[in-house]
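Residue numbers begin at 1 in each chain, while the letters A, B, ... track the order of the sequences. Note that the structure is a prediction, hence the values are computed from the model and not measured.
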Amino acid sequence: MSTIGSEITKAGTAGTAPVRSSMWRQAARRLLKNRLAMLGLAVVVFMFAFCFIGPLFSPYTDNKIHLAQMNKPPSPQHWLGTDALGRDVLTRVMQAGRISLTVGLASMVLSVFIGSLLGAIAGYFRGICDQIIMRLADLLLTIPGLPLLFILGALLSDWKVPTEYRMYIVMLMLSLVNWPGLARMVRGEVLSLREREFMQAATVLGLRNRRKLFNHLLPNLVPLIIVIASLNVGGAILSESVLSFFGLGVMPPTPTWGNMIDSANNMIDFQKRPWLWIPPGFSIFATVIAINIFGDGLRDVLDPRPRK
Amino acid sequence: MSAFITKRLLYTVVILFAASLLIFSLYALTPGDFITGNIKLTPERKAELREIYGLNKPVLERYAIWLKNALHGDLGYSMAQQKPVLTLFNQYIWNSFLLAAVSTFLTWVTAVIIGCVAAYKQYSWFDTLVMVAIFAAMSLPSFFIGLFLIKILAVDWKLLPPGGMIATGSQATGLAYVKEVIHHMTLPVIVMTIMGVGSLARYIRGSMIDVIKQDYIRTARAKGLKERKVLFTHALRNAMLPAITLVGFELPALFGGSLIIEKIFNWPGIGQLYLTSFGLRDYPLLMGFTVLIAILTVIGTLLSDILYRVADPRVRLQ
Amino acid sequence: MSDLLEIDRLKVYFDTREGTVKAVDDVSLRVRRGETVCIVGESGCGKSITAMSIMGLVGSNAAAGPFVDGQIRFDGRNLLRLDRNELRTIRGREIAMIFQEPMTSLNPVLPIGEQIMEPLIEHLKLSRKAARARAIELIRKVGISRPEQIAKSYPHELSGGMLQRIMIAIAISCNPKLLIADEPTTALDVTIQAQILDMMRQFKADSNMSILLITHDLGVVAEMADYVVVMYSGKVVEEGEVVELFTNPKHPYTRGLLKSKPVINQRQDELYSIPGQVPNPLELRPSCYFHERCERCMDVCRTREPRLREVGDNGKVACWLYEEAVVHA
Amino acid sequence: MPEALLEIRHLKKYFPVKSGFLNRTVGQIKAVDDISLSIRPGETFGLVGESGSGKSTVGRTAIRLTEKTDGEVRFKGIDLYGLNAEELRRLRPKMQLIFQDPYSSLNPRVRIGDAIGEALLDHGLAPKEEIRDRVLDVLAACGLSAYHIDRFPHEFSGGQRQRIGIARALVLNPELIIADEPVSALDVSIQAQIINLFRKLQESRGLTYLFISHDLSVVEHLCSRIGVMYLGSMVETAPRDDLFRNPLHPYTKALLSAVPIPIPKLKRERIVLSGDIPSPANPPSGCKFHTRCPFAVERCKEQAPEFRHVGGERFVACHLV
């Protein structure tokens with residue numbers, strides 16, 4: 001994505017030296033050199049493949065109940081054993097991952113979208129809309145996260161939402177709680193970008209507001225939003241699992257990593273059948289740590305302010 | 001300075017009103033209530049009770065009543081426990097506070113040490129190790145690590161009790177009681193510390209790295225001061241400035257208790273109280289708890305602003 | 001006048017992702033007691049790093065510490081071979097340093113008085129009370145009124161000029177033999193700069209202290225220096241007595257610098273300007289590093305590095321123009 | 001006298017100091033306090049002064065980058081502060097500003113070809129196909145090569161970036177260029193190149209400059225008339241030779257004597273001002289310079305001197321002159 005409005009340089013670059021690498025290609029090259037970040041990316045890709053492609057290879061995707069196979073420990077047929085209804089735990093972890101990752105990612109994208117939009121508006125136009133948005137954000141941030149989610153969860157079960165739609169409502173709930181923090185961060189960035197000297201230069205050149213916003217402010221804001229998003233994906237996945245753990249998120253029989261761990265609440269499963277709740281827990285940990293490490297590498301490359 | 005405080009206090013009161021109104025209406029929206037949910041009561045009895053507790057009145061009116069009482073220090077009557085909400089809070093909140101205070105202290109001490117050493121030895125193997133450990137701590141789902149440690153330390157190796165504040169049915173008092181509580185407290189504190197130390201250590205490390213690059217650190221070294229003095233009198237004091245604002249944000253967690261930890265470790269704190277009463281739809285208690293946390297959050301924010309103004313001479317004088 | 005400081009073939013190389021940067025490449029210079037030596041050069045010529053290496057403050061916690069070679073003899077002791085503690089007792093005690101940005105060179109959250117007392121307590125082992133009294137005296141000595149009040153105030157409450165005076169108070173607190181000043185007045189207004197330069201000359205006269213002054217301003221060099229060293233791309237290209245160097249500059253770079261600086265009441269119509277820009281430190285090959293910008297560039301300049309040789313009385317120059325003269329003479 | 005290109009009359013810019021509960025304004029920082037000057041077409045007017053003198057603020061309020069508090073600014077006879085936003089925007093290409101810091105005045109994520117050509121496109125000053133050639137011409141005029149067109153600012157040195165800043169202003173064929181300390185951040189050899197570029201462009205394109213600087217030797221080289229500012233007020237205005245050979249105001253004399261001359265062992269009597277520049281938040285009473293002026297008398301403390309004409313094109317604000 002080379003910068004918007006580069007019609008001038010694109011118009012006739014044939015005769016000149018090869019098009020100089022844009023900021024994005026240079027950032028990508030520096031990222032590739034960061035071994036730790038690449039390891040993180042590899043694990044993330046593996047987890048996505050594991051959850052989305054894995055089930056295709058598993059013979060047990062029918063989720064049928066095999067009472068004969070109840071609560072079997074890990075064995076050659078069932079690498080991670082079976083659960084109380086005789087279903088293959090490995091397949092369920094894959095399917096659960098699909099839901100958890102989708103909900104985590106989707107709620108992050110939603111809250112970053114809402115947060116950035118409102119934050120940018122508040123930061124760029126300031127005045128009343130800044131006050132309204134920020135006061136609303138303050139209000140939401142005053143109410144403790146978990147109790148708020150509890151109330152929303154309860155409302156959810158009351159409206160008798162069919163299970164398959166429940167996932168999308170959970171996404172909405174998570175982004176409702178997350179967007180104020182993001183809005184505040186983006187607003188701060190926009191306020192500082194607005195005062196930068198190259199924005200004053202744009203005013204001196206007499207550029208229209210539209211061009212100042214899209215050609216000058218946005219190209220500098222987009223990398224920061226990507227960094228904020230990558231650092232929040234992990235958090236979103238964690239909060240989804242917390243919700244499911246409290247039985248508020250996606251309800252069984254649809255599996256999520258969170259509600260699979262919830263099974264550990266009954267004493268026997270917890271003590272005798274760790275293969276039921278440890279694999280989903282470990283999957284969350286592996287995915288989130290990989291995303292955080294990759295996100296950190298991304299931030300070093302995209303965020304001009306040197307961190308390390 | 002005082003003008004700043006009065007303006008902020010006014011703003012705090014406004015926010016609290018808005019928050020309590022929002023919370024109250026949200027709770028009013030949640031389906032069912034203690035009475036209808038209670039199967040033991042006959043329908044007439046239920047109607048009668050609803051009348052007494054004024055549940056039939058419109059939401060705004062109920063809020064007004066609640067608010068009037070709350071301003072007089074009466075947070076209403078817990079239907080499930082048949083006790084005033086405040087006395088209930090008083091009973092359980094200190095258990096949560098004990099857990100949170102110890103773990104917050106440990107979190108801050110560990111984070112400052114790890115953060116500073118990692119920043120000072122930047123690019124060293126220790127720094128990379130610390131960074132990976134920080135990422136791990138930030139990526140662990142708290143309930144999972146709790147269960148995991150209980151499984152290994154309590155169930156398999158029987159080193160620590162799996163939960164509760166005292167051994168079931170023990171009548172220990174005095175020193176024995178204290179020793180027993182500490183024994184039970186160890187595991188939850190470990191988990192809470194792991195949860196907190198990740199992001200804090202990373203924050204302090206980042207702040208320390210920025211400060212070490214500053215000109216006045218170079219001046220301190222040019223003065224021939226011992227490296228220890230350069231680090232503690234000059235670097236740490238400046239690095240901790242931004243961290244001070246985080247102290248205020250710990251306030252809600254100190255008293256609010258952690259719902260997750262108290263559920264897994266069966267710890268008789270205010271968080272567990274909230275969980276059980278949520279199931280029973282015991283509104284007065286739920287409302288009291290949520291508003292209490294909201295108050296603590298807002299006071300926490302105010303506290304960090306004031307702390308920052310006091311700590312940083314550049315801001316203090318404005 | 002015996003030598004107080006002698007730098008002999010100093011090399012400071014930094015390893016970066018793109019390659020090795022020879023920031024200081026085989027630099028030698030000496031400072032005699034009671035003498036002011038000025039190192040002049042443009043940004044990136046290595047003058048600051050040369051100064052910082054004397055104090056052992058170069059990239060103290062950079063990714064990989066710089067490669068440092070050569071000798072820095074101060075009062076007969078090679079500073080590069082001293083262990084951290086020995087070097088630390090010299091810093092602030094025998095060699096003091098002031099920097100370019102006074103606004104950021106003082107700890108923002110520590111009162112001024114405290115920051116002056118620190119070296120007194122550390123090196124002279126004064127009690128806090130004695131150190132505080134000495135600090136107030138020092139503040140008065142650097143020309144600031146109401147010293148008691150200033151001692152209690154914080155850096156952000158003072159102007160740039162006053163802060164630089166405080167830095168000088170800290171520097172002279174233990175009566176050092178050598179004061180290193182890295183662009184001390186660059187960030188100050190010209191009327192304040194005049195006051196600070198006056199004061200530095202005053203202290204040098206009072207205590208026979210030597211000064212190593214780093215600057216890019218030829219006017220300041222002319223006012224302060226006894227001896228001048230001109231640096232370019234990490235190397236010394238010319239050095240000499242101040243009058244000789246200004247009236248009869250030898251190296252084309254020195255001559256170019258002197259001609260391209262506009263001088264009050266000596267207006268020229270067309271300002272001479274050295275073409276091109278400083279070479280990229282990563283692409284340096286054996287040659288005279290100034291050859292691309294030099295009017296009198298010869299073939300030999302492009303391939304072989306000229307040696308710094310004696311010329312005239314007490315002057316040196318590294319340029320093939322003078323090499324020939326010696327060969328033919 | 002041909003009609004002035006830029007006419008500034010009694011310009012004032014006060015920054016309010018707010019404190020207290022209702023953020024009431026309790027004081028005023030008089031950054032620019034009653035400045036008047038006029039610049040004829042093709043002339044270079046130099047504005048000198050130390051930090052806090054308000055010279056940059058004059059530059060920015062003169063093209064309405066920051067709004068004025070009082071006074072009048074006329075560009076080619078047009079009252080700038082009478083225009084609405086759109087009219088002002090359309091007039092902007094005619095009066096350009098060049099910033100001091102080459103690193104922060106260029107957008108790091110925009111190629112320099114776009115940065116230079118963008119305003120032409122936005123104002124419709126040239127058809128799309130022609131823009132590229134216009135950019136190439138102006139790059140050449142500023143000493144940059146064609147292949148630089150699609151590079152990013154971080155690939156250039158300080159001197160080259162300043163050339164890009166000049167090219168960005170030049171491509172709009174402005175009549176007035178305000179240069180706010182354009183060479184202060186550059187090394188001596190690069191400084192000379194940029195100064196020569198300014199002079200060459202003025203001769204070839206008939207530009208008019210308002211040149212703001214704290215470096216008197218650069219100002220003497222480039223400017224035809226010079227104004228000296230101190231703490232928001234104009235203390236003296238004069239043609240270059242008069243000012244440098246025979247300065248009238250004590251501050252100008254002190255300023256000139258403080259500039260270090262690159263001639264060693266030069267014997268010259270120097271006026272070293274005592275004390276520090278007072279804070280603009282509470283300037284001294286009467287003549288603001290009286291606290292540091294070696295010739296100050298009782299009258300200077302009470303009454304601010306009037307900025308009056310003293311013959312030829314010379315103005316000065318001092319009771320003793």
Side-chain angles (χ1 to χ4, degrees), chain B residues 1 115-128 130-131 205-245 307-318, chain C residues 51-52 54-65 84-112 114-123 152-157 163 166-167 170-171 173-174 176 179-180 182:
Chain B
M1 185 66 166
C116 293
V117 175
Y120 186 61
K121 289 193 164 41
Q122 204 183 358
Y123 305 118
S124 69
W125 56 269
F126 176 81
D127 182 29
T128 329
V130 160
M131 279 312 284
R205 173 179 172 281
S207 165
M208 198 61 176
I209 284 173
D210 291 344
V211 164
I212 283 179
K213 290 195 207 112
Q214 296 295 325
D215 290 349
Y216 53 82
I217 298 297
R218 180 196 52 192
T219 312
R221 289 199 175 115
K223 285 197 246 185
L225 303 177
K226 294 190 180 62
E227 197 60 7
R228 204 166 17 82
K229 195 156 194 302
V230 170
L231 274 179
F232 289 106
T233 336
H234 290 275
L236 190 60
R237 199 189 277 227
N238 278 284
M240 287 312 286
L241 266 184
I244 278 183
T245 50
L307 271 176
Y308 189 75
R309 281 176 170 276
V310 165
D312 187 341
R314 287 164 292 194
V315 177
R316 182 192 312 162
L317 298 172
Q318 247 144 27
Chain C
M52 298 288 262
I54 301 169
M55 298 283 276
L57 289 173
V58 179
S60 43
N61 53 15
R84 267 153 55 94
N85 258 332
E86 276 169 326
L87 184 59
R88 195 175 51 69
T89 50
I90 292 179
R91 281 207 294 249
R93 174 78 188 80
E94 307 199 18
I95 309 179
M97 194 160 180
I98 56 175
F99 302 94
Q100 176 172 346
E101 294 291 342
M103 304 298 273
T104 57
S105 296
L106 287 165
N107 185 340
V109 293
L110 216 60
I112 300 278
E114 288 293 322
Q115 304 194 44
I116 300 176
M117 287 156 59
E118 277 180 325
L120 296 168
I121 297 168
E122 178 68 36
H123 295 302
K152 294 197 194 65
S153 48
Y154 288 89
H156 68 280
E157 298 168 79
L163 288 173
I166 297 291
M167 289 296 291
I170 296 173
S173 57
C174 305
L179 170 65
I180 303 176
D182 188 355

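Shown here is B/F126, whose CZ atom has more than 12 heavy atoms of other residues, nucleotides or ligands within 6.0 Å.
No other option in C/P119, C/A96, C/P108, C/P111 has as many heavy-atom pairs under 4.5 Å with chain B as C/P108. Your options are C/H123, C/M167, C/M55, and the one with the most heavy-atom pairs under 4.5 Å with chain B is C/H123. Comparing B/A220, B/A222, B/S124 by how many heavy-atom pairs each has under 4.5 Å with chain C, the most go to B/A222. Of the residues considered (C/Q100, C/R88, C/E114), C/R88 shows the highest number of contacts with chain B, using heavy-atom pairs under 4.5 Å.
Distance alone, capped at 3.5 Å, places no donor-acceptor pair between the B/H234 side chain and the C/L106 backbone.
Rounding to the nearest 0.5 angstrom, the gap separating the CD1 atom in B/I217 from the CG atom in C/L57 is 12.0 Å. Summarising the geometry, atom CG belonging to C/N107 is positioned 12.0 Å from atom CG belonging to B/D215; distances are rounded to the nearest 0.5 Å. The OG1 atom of B/T219 sits 5.0 Å away from atom CZ of C/F99, with the distance rounded to the nearest 0.5 Å.
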_Set out, in order, the CA-CA distance, both residues' side-chain angles and the distance that settles side-chain contact (heavy atoms from CB on, under 4.5 Å) for C/Q115 and B/K223, then state yes or no._
CA-CA 10 Å; C/Q115 304 194 44; B/K223 285 197 246 185; 3.7 Å; yes
*Do B/R218 and C/M52 pass the side-chain contact (heavy atoms from CB on, under 4.5 Å) test, and can you show the C-alpha distance, the side-chain angles, and the key distance before you say yes or no?*
CA-CA 10 Å; B/R218 180 196 52 192; C/M52 298 288 262; 3.2 Å; yes
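For B/L241, the part lying near chain C is the side chain, with the backbone staying farther off; criterion is any non-hydrogen pair under 4.5 Å. With a threshold of 4.5 angstrom between heavy atoms, C/T89 does not approach chain B through any atom at all.
For residues 89-105 of chain C, the pairs satisfying salt bridge (charged side-chain N to carboxylate O under 4.0 Å, His left out) are C/E94-C/K177, with sequence neighbours left out. Here salt bridge (charged side-chain N to carboxylate O under 4.0 Å, His left out) pairs that include residues 224-245 of chain B, with residues two or more places apart or in two chains, are B/R221-B/E227, B/K226-C/E122, B/K229-C/E118.
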